[in-house]
Protein chains: 4
Amino acid sequence: MSRHAEFRCQRRVEFADTDCAGILHFSMFGRYAEEAEHAFMRSLGVSSFQRAEDGSIHGFPRLGVRSEFRRPVSFEDLLEIHLWISHVSQRSLEYCARFSHQGEEVARLRYAVACCHVLPDGRLRPMPLPESLRERIEVADRERLSFRER
Amino acid sequence: MSRHAEFRCQRRVEFADTDCAGILHFSMFGRYAEEAEHAFMRSLGVSSFQRAEDGSIHGFPRLGVRSEFRRPVSFEDLLEIHLWISHVSQRSLEYCARFSHQGEEVARLRYAVACCHVLPDGRLRPMPLPESLRERIEVADRERLSFRER
Amino acid sequence: MSRHAEFRCQRRVEFADTDCAGILHFSMFGRYAEEAEHAFMRSLGVSSFQRAEDGSIHGFPRLGVRSEFRRPVSFEDLLEIHLWISHVSQRSLEYCARFSHQGEEVARLRYAVACCHVLPDGRLRPMPLPESLRERIEVADRERLSFRER
Amino acid sequence: MSRHAEFRCQRRVEFADTDCAGILHFSMFGRYAEEAEHAFMRSLGVSSFQRAEDGSIHGFPRLGVRSEFRRPVSFEDLLEIHLWISHVSQRSLEYCARFSHQGEEVARLRYAVACCHVLPDGRLRPMPLPESLRERIEVADRERLSFRER
């Protein structure tokens, strides 16, 4: 099976995702990126979340997220999301996500996720990336997104 | 221990809860009512949600919700929520919730919740209300909210 | 131009839309129905929301929503949404929405929206349905959804 | 009037804010921080959002957010939020936010907001911080939060 390093999809800005400033609420970019990531995983036949017999959960909680918002977007705008893998380690992945609207970048994110068991009491136990995932992915031949911040 | 039939609290309309029409998104009234209900339960020493050793979950999923929105409310408005129990059966409760702002009703909801086990595969198994809850609650001596609808 | 009375689309249950009971949060059904309604309007060339030169907003706030939840659905489930117009009046529309998963109904909603100006101070001023909308829609030749509730 | 540099408040983790991994969804930390910021501004008599006569909006959109998630938190956990100003410029502010639960840090954020007019068409026009805000705030005598990230 071939390996994949990036994924592209579109996301419509929905009404409830905007705020009273008339624009998409910033917190939604992190959610839209997560949706794209889950669609990427589905396209590889991998589920981003599974509940085992013993009630434990296997998922990919975020370790940290960095984001930059360049232009506001509005209800019904159709965003292009370009997601790629910028790093793979034993127990974690780093993704970059670029959001565009009508050819212009509107936001960018970079974030790391850890492969974890979520125990029934809510604690996380890190675990290696499953082999079924590792054999389907690779780091993209693309820049790792950088951020302006002072 | 005494029995309780109603609960009052306040909820600030937060920025992310509004939409680009400049007002609180209608879906948030159901969430705010649920928050008030959970605060009511906490005040009785009852948790609205518990995860058992076997990974099964004990909670109160909604069976149905009826709502009416009378006046829009905006960012930073401080809402008064008045919640009361309008019916108790073996396995379910019915709540009424009235939302006011500056003395005027802005929305009302009536909804039923069922006491359920949520099994690890996501199926619901109805169960009787726990005795620890039943002995703390009673139906309020108040009208059951009605709705205009044609 | 032909008139339309109903609309069908699909909606994936996204991760952030679920809650710690492991299922789609009930408040999301109202949001998913609204998304379907907006997609329906777009398919007719009508926008569900417009900001005029004077800052006033033209939209379709909900007057009331009735909902019934029959089966829980989970992360990554692909829902079928069937939305139809069950009533049209001078200033409002009533929609019915049925959600299915793998051929079984999981939830139903019925709700009315009013055509309104939202003034800059947040007040709503009802207005007639625009002619551009009225000439594209009609009431569906289908049952109006009913609800179990005691 | 005195100047203020920091703010502390509490936030209960609400049910709808959790996800099917059983923990608070990461995107909510940015929302909770924004809520704390708005409460801070209210305590200074400053509104974080105003709509002018001409329909233009005056607000503080985020330029970028950096976040790190250290421990999961669950439904009904009561979080302590400590927010402080780490930088002030002509047209923007930088905030740091530390979230704790039972004395342990669970997450941290650092983010910049710009003072802007949001025009009726959705474009942002940066503007200087209003004098009424500038005279009430100062940079906190505290570390600027740093982040682990590779």
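A note on names: the letters A, B, ... follow the listed sequences, proteins ahead of strands, and every chain is numbered from 1.
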**Prompt:** Would one find more than 12 heavy atoms of other residues, nucleotides or ligands at under 6.0 Å from atom CZ of Arg123(D)?
**Reply:** no

**Prompt:** At their closest point, which heavy atom of Cys20(D) faces which heavy atom of Gly22(C), and how far apart are they?
**Reply:** CB-CA, 3.7 Å

**Request:** Nearest 0.5 Å please: distance from the NE2 atom of His25(C) over to the CG atom of Asp17(D).
**Result:** 8.5 Å

**Message:** Would you say CZ of Arg71(D) has more than 12 non-hydrogen atoms from neighbouring residues, nucleotides or ligands within 6.0 angstrom?
**Reply:** no

**Prompt:** Is it the backbone or the side chain of Phe75(D) that comes under 4.5 Å from a heavy atom of chain C, or both, or neither?
**Reply:** side chain

